[in-house]
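We count ligands from 1, going down the list as the structure has it; atoms in each ligand are counted the same way.
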Amino acid sequence: MSVLAVSNLAKRYHRGGKPFAAVDDVSFEIGPAETLALAGPSGSGKSTIARLVLRLIEPDAGRIDFEDSDFLALSGAALRARRARIQMVFQDPLAAFNPRATVARVLDDPLRIHGIASRAERPRRIAALLERVGLDAGLAAHAIHEISGGQRQRVAIARAIATRPSLIVLDEAVSALDVSVRGQILELLLDLQRRERIAYLFISHDLGVIRAVAHRVIILDAGRIAESGDARAVVTNPQSAIGKALVAATPKLIRNRP
Ligand SMILES: Nc1ncnc2c1ncn2[C@@H]1O[C@H](COP(=O)(O)OP(=O)(O)OP(=O)(O)O)[C@@H](O)[C@H]1O
Ligand SMILES: [Mg+2]
């Protein structure tokens, strides 16, 4: 059984009047509690794949099966209900949230919109979500712009897990964090995956991070899959030219870390 199965996905854009494939014949599957990483140089199509999977944009060709049903065929209430099961965390939570909104408000929204908890229950649920991501319940009253980048990314993760998703798409979710905070957030993601069996589509340009958290990796080059396989094996011994170039650009210390 797979959580997500993507087949022959394609998305074209225009550049200088000419069409080009941002995503070209991409297929992959992610199983329950599995982390699949997408790596590749800037412009290789990673975020476009994320947006397609989230149905923020529609593909020109291909198929997306989510929880064993045809995701692209869903619309209206059925799409809204299924969409709650796929969540996202982006690089910059300041851009994703209203910076003046309180943490409580940001976490209240999914609980209310998806009818997960009654108004009376929600403050308790919000406190439990904060605790789940290692934050003090007292943070609920603070505005998003008042808290640190690491705290904000924990709030983004709390919001993502509020609807009990089976898949979270993380697009450079730890890239803007400094090294020590990054490590703590990665630990949190691993812990959540172990406990709640969440699958991750984990986009990162950092092969050291991918080696640390991903089970498998796909390396993209100009919208196409250049190679894929076990994350450690690919990072240790890449086969494709683009994989070799990416690994060569990664510090040796990270590459060979046990
Ligand atoms: N809305 C759009 N209109 C036109 N071209 C686009 C659009 N979105 C993305 N592209 C182009 O598609 C290609 C893939 O972009 P994408 O954002 O998926 O790359 P990426 O791998 O996420 O890069 P990065 O590592 O810089 O985030 C790029 O050439 C980009 O310029
Ligand atoms: Mg991107």
Per-atom contacts, ligand 1 versus [X] - under 4.0 Å to a heavy atom:
X	answer
Ala22	12 (O), 13 (C)
Pro41	21 (O)
Ser47	17 (O), 18 (O), 20 (P), 22 (O), 27 (O)
Ser44	19 (O), 21 (O)
Gly45	14 (C), 18 (O), 19 (O), 20 (P), 21 (O)

Passing option when Thr163 is tested against Arg83, Arg85, Gln87 for side chain to side chain donor-acceptor pair (under 3.5 Å):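 Result for side chain to side chain donor-acceptor pair (under 3.5 Å) with Thr163: Gln87.
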Expected output: side-chain Gln153 to main-chain Phe90 donor-acceptor under 3.5 Å: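 Side chain of Gln153 to backbone of Phe90, a donor-acceptor pair under 3.5 Å: yes, one is there.
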Expected output: side-chain Gln239 to main-chain Asn237 donor-acceptor under 3.5 Å: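 Between the backbone of Asn237 and the side chain of Gln239 there is a qualifying donor-acceptor contact (under 3.5 Å).
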Selection from Arg51, Lys46, His205, Gln91 by shortest heavy-atom distance to atom 25 (O) of ligand 1: Lys46
Closest candidate by heavy atom, reference atom 16 (P) of ligand 1, pool Thr48, Leu220, Val23: Thr48
Say whether [X] and [Y], considering side chains only, have a donor N or O and an acceptor N or O under 3.5 Å apart.
X	Y	result
Arg82	Ser69	yes
Asp25	Ser27	no
Ser47	Asp171	yes

N, O or S atom of Ser47 closer to the Mg ion (ligand 2) than 2.8 Å: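 Yes, since at least one N, O or S atom of Ser47 sits under 2.8 Å from the Mg ion (ligand 2).
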To the nearest 0.1 Å, how far is [atom] from its closest protein heavy atom, and which atom is that?
atom	value
atom 24 (P) of ligand 1	Ser42 OG, 3.7 Å
atom 7 (C) of ligand 1	Tyr13 CE1, 3.3 Å
atom 13 (C) of ligand 1	Gly43 O, 3.6 Å
atom 11 (C) of ligand 1	Phe20 CZ, 3.6 Å

Arg15 touching ligand 1 at heavy-atom level, < 4.0 angstrom: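 The answer is yes, since Arg15 has a heavy atom less than 4.0 Å from ligand 1.
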From Arg216 atom CZ to Leu36 atom CG, the distance as rounded to the nearest 0.5 Å: 5.0 Å
OG1-CG distance between Thr35 and Leu190, expressed to the nearest 0.5 angstrom: 7.0 Å
Validation row: Glu172, Lys46 side chains within 4.5 angstrom (heavy atoms):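 When only atoms from C-beta onward are counted, Lys46 and Glu172 do touch, with a gap below 4.5 Å.
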Atom 30 (C) of ligand 1 protein-contacted, heavy-atom criterion under 4.0 angstrom: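 Within 4.0 Å: no protein heavy atom nearby.
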Residues Arg182 and Asp178 bridged, charged N to O under 4.0 Å: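 Not counted as a salt bridge, because no side-chain N and carboxylate O are separated by less than 4.0 Å.
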Polar proximity ligand 1 side, Gly40 side, N/O cut 3.5 Å exclusive: no
Short N or O distance, Glu172 and ligand 1, threshold 3.5 Å exclusive: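 Looking only at distances, the answer is no, because the N/O contact criterion of under 3.5 Å is not met.
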